[in-house]
Asker: 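Can you read through this structure? Questions will come right after.
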Amino acid sequence: MLTQTLKTIPIEHYIYLSSILFAIGVLGVLIRRNAIIIFMSIELMLNAVTLLLAAFSTYRSDAAGQVFVFFIMVVAAAEVAVGLAIIVMIFRNIKSIDINLLNKLKW
Amino acid sequence: MIQNAWLIPIFPLIGFIILGLGNNKISKTLAGIIASCAVLASFIIGISILPGFLNGETKATTINLFDWINAGAMHISFSFLIDQLSLLMILIITGVGFLIHIYSIGYMHDDEGFNRFFAYLNLFVFSMLLLVMGSNYVIMFIGWEGVGLCSYLLIGFWFKNQDYNDAAKKAFIMNRIGDLGFLLGIFLIYQTFHSVSFAEVFEGAKGFSSGDTIIVAITLLLFVGAMGKSAQLPLYTWLPDAMAGPTPVSALIHAATMVTAGIYMIARSNILYTLAPMTQTVVLFVGLATAFFAATIGLFQNDIKKVLAYSTVSQLGYMFVALGVGGYTSAMFHLTTHAFFKALLFLGAGSVIHAMSGEQDIRKMGGLRKYLPITFMTFLIGTLAISGVPPFAGFFSKDEILALTIGPYANAIFIILSFTSVMTALYMFRLFFLTFYGTFRGTDAQQHHLHESPKTITIPLMVLALLSTVGGFLGMPAIMGKTHFLNNYLAPIFDFSNIKNEPVHPSEFAEYAIIIVAVVVLLGIILWGLNRYNKNQSVPPADDVKVSPIRNLIYHKYYIDEIYDAIIIKPLNGFGRMFNKVLENEIIDGMVNGIGKTVIWSGKTLRLVQTGAIGFYIFAMVAGIILILLYNLFMV
Amino acid sequence: MAPYFFYFLAFLSILSALMVVFSKNPVYSVLYLVITFFSIAGQYILLNAQFLAAVHVIVYAGAIMVLFLFVVMLLNLNKELEPHKSSLLKLSGVIAAGLLLVTIVGSYRGAAVQVVGSAMDTPTYDNQIGLVKNLGKVLFGDFLLPFEISSVLFLSAMVGAVMLGKKDKV
């Protein structure tokens with residue numbers, strides 16, 4: 001049943017959906033100053049990519065794509081753990097997570 | 001027996017290694033013994049080989065030690081050539097060298113560099129033996145450079161004196177000019193004959209016609225090397241300055257052996273030179289000019305060693321004249337006798353200097369015959385020998401060369417050379433009388449200190465005096481009824497040359513005339529000298545006294561050093577400074593510093609991009625991604 | 001019905017993603033992100049990747065989002081603290097993101113690769129690859145080494161997080 005459904009949805013639509021999600025992630029990174037929101041936008045971008053990987057995997061009947069999605073999840077989980085720890089550290093030091101205040105690393 | 005000849009250079013090398021490594025750990029006595037014994041051992045081996053050559057049993061032998069350079073078609077073996085010529089040189093080097101080693105034990109006794117001195121001397125003997133024993137031009141060149149190095153080390157032996165260092169550098173650099181010619185000559189030889197070994201080169205040369213351009217070029221280049229090493233015009237100025245070294249060094253290196261390397265080299269290459277008449281002419285005239293020119297300078301010098309140095313230059317000129325007219329045996333003969341009497345004279349001068357506590361100015365000497373009887377007697381023999389008084393050694397060898405020059409160029413060469421000979425006698429007797437006759441002109445302290453030198457100094461003097469007396473009998477002229485011993489001995493070496501240009505034999509009348517005139521003139525000079533310097537107590541004027549312009553010109557050695565300084569050294573220095581200023585400081589430094597400055601400037605500018613604001617970085621990143629994608633979209 | 005389901009999920013994920021970015025309160029952002037993740041999990045089910053969908057919900061919506069929420073609460077960020085960026089910067093951000101979208105889509109269309117349905121019509125097409133059984137075979141077969149290495153990555157991430165989270169006493 002689902003295979004029949006897939007035939008009615010061209011893969012372009014998945015590509016467009018992923019692109020839009022990715023662009024929204026970029027937008028969030030660009031316009032927000034809250035480190036946690038930026039972090040979430042990055043998660044959004046990662047998900048856009050994994051969605052596309054899964055779509056290609058299914059359309060091409062190749063399990064490797066889905067396996068890669070697993071690995072991306074692994075990296076994302078590790079990243080979140082470390083990243084959030086860093087954010088907590090920053091907050092502890094400067095009582096803020098505004099990235100505009102984090103400009104000590106210049107020149 | 002001849003197979004042991006390879007040991008000859010080994011002994012001095014071992015001596016050098018022992019003395020060089022054990023520099024301060026070996027006592028002076030032991031060092032002197034080691035060094036002298038090393039040379040003596042070489043001499044004994046040389047003597048042991050000699051009988052075979054004398055009775056004709058031994059032929060010229062090549063001793064191959066090992067293949068040295070094997071590159072493609074090029075094969076150069078490290079091998080020695082033992083024949084009549086190299087054996088003669090070996091005996092001179094080790095014989096005279098041994099005597100000078102003994103002499104040095106006494107002469108250098110109080111010097112703190114005693115062991116170093118003997119190490120250098122042994123290294124010199126080793127290099128010189130390599131030079132004369134090498135069976136090809138490359139081995140010869142090693143020795144050639146080795147003796148140049150030792151000369152440099154020994155001239156600058158007292159390196160704390162800057163003047164001596166300058167003299168050493170001068171000798172080294174001047175020799176380098178000659179060495180370049182020699183090296184180019186070797187290259188040309190290899191290119192022409194595809195070999196550098198004497199045997200193959202000379203065999204190949206016989207196929208060339210006389211006067212072939214390539215042979216002329218080779219011989220001219222080799223002669224440039226000889227000019228540097230044997231102090232000929234215009235590369236002679238280093239030799240008088242080289243007198244800065246200890247006196248035994250002057251005797252061994254700058255009179256008896258090293259400076260004769262050029263003579264040896266040309267005599268060794270006689271086949272090439274015989275095939276190049278043009279080069280022979282050049283050699284002849286350079287030798288003639290040097291002989292005359294140096295003799296005139298010698299007339300007015302007041303430094304005992306300088307007089308002897310110019311005398312050496314002059315005598316070397318004689319030898320080149322002999323080579324130029326094809327009298328190779330005569331050149332070697334004069335080389336041999338010159339080694340004896342010039343070593344004797346230098347060592348005698350050293351003995352005088354020793355007694356005078358280092359004073360070298362003959363104006364401050366005088367009347368020394370009472371204080372230094374042995375030195376006086378031996379110095380007299382040396383003076384007689386160099387002046388050409390029969391029957392001393394110089395008479396025979398010099399007359400032989402003079403006789404050879406009768407005939408060509410309307411006797412002009414003969415006349416000039418005879419005149420030079422008279423000058424030689426003049427300056428030598430002037431030196432002799434000023435030193436040993438008259439009254440003592442030095443300080444009281446010096447007079448109090450005057451003494452005859454120790455045995456280690458006087459014994460070599462006596463041996464050399466004996467050799468200077470009898471050395472001439474190696475080559476008696478035909479009119480005295482004896483066979484020319486040296487001529488027969490060296491005949492195999494110069495066979496080819498003697499066939500090519502039959503040596504001139506002057507008439508009996510001419511020979512007698514030469515001898516009689518020579519004796520008369522010499523007697524006149526001796527009487528003149530006795531009268532002027534003993535009876536009238538005439539002394540050369542002090543430096544600040546005004547003298548006639550010509551005399552002044554000669555006294556200052558024709559200002560040759562100043563001329564070289566003005567036309568070569570100053571312009572070169574100017575060029576150097578200009579290049580230093582413009583090329584080095586402006587262009588090269590400018591480039592190097594410019595690169596550094598550019599990097600620093602761009603770093604300073606670009607670091608402003610690092611605002612530290614993460615938002616900006618992300619923005620830049622996104623912009624970059626967009627640009628890359630656009631590029632892919634439109635360009636690819 | 002299924003195509004509409006796809007477009008519905010797509011619309012939902014885009015909308016909630018936008019809300020993630022534009023919400024002023026971080027807590028709302030987190031909650032909108034959860035909705036986005038659920039809709040993406042729905043997409044996975046549509047793509048016959050049921051196991052992936054389950055893992056996605058567990059890992060993202062279950063673990064990561066809870067972590068986010070926890071940190072937001074811990075740091076007491078559920079208030080409107082953030083000073084706004086200037087509208088010029090916001091505008092330039094929007095333009096840049098839009099440009100990125102345009103170029104990505106443009107690149108795709110420019111490349112014009114025809115992949116649709118190519119494998120799906122062939123007889124060898126396997127619609128069961130998304131099941132645990134098949135994925136496990138691939139994961140523990142071809143990708144065994146990366147799988148094991150990823151455990152090391154986890155370990156180091158864990159150590160790193162603990163190190164960073166500790167109050168420095170040194």
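Keep in mind that this is a model prediction, so the values were computed, not measured. Just so we're on the same page: letters track the sequence lines, and every chain starts at 1.
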Asker: Just so I understand: if I count every heavy-atom pair under 4.5 Å between each of A/Val75, A/Thr50, A/Ile38, A/Val88 and chain C, which residue has the most?
Answerer: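 Top option by heavy-atom pairs under 4.5 Å: A/Thr50.
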Asker: When heavy-atom pairs shorter than 4.5 Å are enumerated against chain C, which of A/Ile24, A/Ile36, A/Val26 gives the highest number?
Answerer: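 Option with the greatest count: A/Ile24.
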Asker: Let's go through C/Phe143 and A/Phe70 carefully: what are the C-alpha distance in whole Å and the side-chain angles of both, what is the deciding distance for side chain to side chain contact (heavy atoms under 4.5 Å, CB included) to 0.1 Å, and is it a yes or a no?
Answerer: CA-CA 11 Å; C/Phe143 292 94; A/Phe70 281 124; over 6 Å; no
Asker: Between C/Ala161 and A/Ala81, what is the shortest heavy-atom contact and its length?
Answerer: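 Scanning both residues, the minimum pair turns out to be CB-O, 3.8 Å.
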Asker: Using a cut-off of under 4.5 Å for heavy-atom pairs, which of A/Ile86, A/Val82, A/Leu51 has the most such pairs with chain C?
Answerer: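 Top option by heavy-atom pairs under 4.5 Å: A/Leu51.
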Asker: With sequence neighbours excluded, tell me which residues meet side-chain contact (heavy atoms from CB on, under 4.5 Å) with C/Leu74.
Answerer: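 By the side-chain contact (heavy atoms from CB on, under 4.5 Å) rule, C/Leu74 matches no residue at all.
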Asker: Does the pair A/Leu27 and C/Phe22 meet the rule for a side chain to side chain contact (heavy atoms under 4.5 Å, CB included), with working shown?
Answerer: CA-CA 10 Å; A/Leu27 180 68; C/Phe22 291 113; 3.8 Å; yes
Asker: Which residues from residues 132-142 of chain C are near chain A, with near meaning under 4.5 Å between non-hydrogen atoms?
Answerer: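 Hits under 4.5 Å: C/Leu135, C/Val138, C/Leu139.
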Asker: If you look only at distance, which donor and acceptor atoms sit under 3.5 Å apart when one is on a side chain in residues 39-48 of chain A and the other is two or more places apart or in another chain?
Answerer:
unit_1: A/Ser41; atom_1: OG; unit_2: A/Ile37; atom_2: O; d: 3.0
unit_1: A/Asn47; atom_1: OD1; unit_2: C/His56; atom_2: NE2; d: 2.5
unit_1: A/Asn47; atom_1: ND2; unit_2: A/Glu43; atom_2: O; d: 3.0

Asker: Are any of the side-chain heavy atoms of A/Gln66 and C/Phe51 separated by less than 4.5 Å?
Answerer: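 No, too far: nothing below the 4.5 Å cut-off.
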Asker: Which bit of C/Thr36 is near chain A, if near means a heavy-atom gap under 4.5 Å: side chain, backbone, both or neither?
Answerer: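 The side chain, not the backbone.
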Asker: With chain A as the partner chain, list the residues of residues 14-21 of chain C whose heavy atoms fall under 4.5 Å from it, by residue number, and write 'none' if nothing qualifies.
Answerer: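 Only C/Ile14, C/Ala17, C/Leu18, C/Val20, C/Val21 of residues 14-21 of chain C have a heavy atom under 4.5 Å from chain A.
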Asker: CZ of A/Phe68: more than 12 outside heavy atoms within 6.0 angstrom?
Answerer: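 No, the 6.0 Å shell around CZ holds no more than 12 heavy atoms from other groups.
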